[in-house]
Amino acid sequence: MPLDGAGRAPPAKGDTATGPPDRRRSPMRNDNNVSANTSCSDDFWTYTLALPRDRRAVRIARAVTRTVLHTYGLAQVSDVAELLASELVTNSLLHSDGPSWIRLSNPRTTHVRVGVWDSNPTIPPPFRGASPPGPPECAERGRGLLLVRECADRWGGYALGEEVFGMCGKLLWFELAA
């Protein structure tokens, strides 16, 4: 059974919200009848999704990002978060040949963090710190991670050792003020 970041399981079908009115939880349901705990925005939450290894992954990542942020009353950052998440997922699809995942969370109550990890351990130049030159004007690719750097409040990346998921890889992430 999936757990949220606080180790809570989703309510069983038919459960009702309990607790003080400001802490009541209501189930969020999507078209697949999957439920998750929702609560006031000062609670920590996290969602992780394994992405398919095809171009549909970008659309799925955008839809999940939009749904989660709207569920927590964070629609004001949804458009930018969707754009930046799609750039990270696209980078993963183009530069790794293994599985990838997206995770959305609120590590600090005033920010939303989106991370994408994949099986390629190489941190791309735009996420290595120094500002790399942009692509030539006529280039059709190469601007996505620069968009992340420009639009996110914070961003970063780090290599993952084999102890995580039994394979090497990297995590690229960004944060937006909520």
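All residue numbers refer to positions in the sequence shown, counting from 1.
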When rounded to the nearest 0.5 angstrom, what distance separates [atom1] in [X] from [atom2] in [Y]?
{"X": "Asp118", "Y": "Cys168", "atom1": "CG", "atom2": "SG", "answer": "11.5 Å"}
{"X": "Phe127", "Y": "Thr122", "atom1": "CZ", "atom2": "OG1", "answer": "14.5 Å"}
{"X": "Ser92", "Y": "Arg53", "atom1": "OG", "atom2": "CZ", "answer": "6.0 Å"}
{"X": "Thr71", "Y": "Tyr47", "atom1": "OG1", "atom2": "OH", "answer": "6.5 Å"}
{"X": "Leu84", "Y": "Asp79", "atom1": "CG", "atom2": "CG", "answer": "10.5 Å"}
{"X": "His111", "Y": "Ser105", "atom1": "NE2", "atom2": "OG", "answer": "12.0 Å"}

Contacts of [X] that satisfy side chain to side chain donor-acceptor pair (under 3.5 Å) - sequence neighbours left out:
{"X": "Ser119", "result": "none"}
{"X": "Arg56", "result": "Asp54"}
{"X": "Asn91", "result": "none"}
{"X": "Arg66", "result": "Glu82"}

Within the 4.5 Å heavy-atom criterion, are [X] and [Y] side-chain neighbours or not?
{"X": "Phe174", "Y": "Val80", "answer": "no"}
{"X": "Val116", "Y": "Leu172", "answer": "no"}
{"X": "Leu145", "Y": "Trp155", "answer": "no"}

Determine yes or no for a side-chain-to-main-chain donor-acceptor pair under 3.5 angstrom, with [X] supplying the side chain and [Y] the backbone.
{"X": "Thr90", "Y": "Ser86", "value": "yes"}
{"X": "Arg149", "Y": "Arg154", "value": "no"}
{"X": "Asn120", "Y": "His95", "value": "yes"}
{"X": "Asn106", "Y": "Trp45", "value": "yes"}

Closest heavy-atom pair and its distance - [X], [Y]:
{"X": "Leu176", "Y": "Val77", "value": "CD1-O, 3.9 Å"}
{"X": "Ala81", "Y": "Thr65", "value": "CB-CG2, 3.8 Å"}
{"X": "Ala85", "Y": "Val114", "value": "CB-CG1, 4.0 Å"}
{"X": "Val89", "Y": "Ala61", "value": "CG2-CB, 3.7 Å"}
{"X": "Glu87", "Y": "Leu147", "value": "OE2-CD1, 4.0 Å"}

Listed by chain and number, what are the salt bridge (Lys or Arg N to Asp or Glu O under 4.0 Å) partners of Arg103, not counting sequence neighbours? none
Counting only heavy atoms not in Glu150 (residues, nucleotides, ligands), do more than 12 fall under 6.0 Å from its CD? no
Identify, with sequence neighbours excluded, every residue that meets side-chain contact (heavy atoms from CB on, under 4.5 Å) alongside Ala75. His70
In Val148, Ile102, Val58, the residue satisfying side-chain contact (heavy atoms from CB on, under 4.5 Å) with Leu88 is Val148
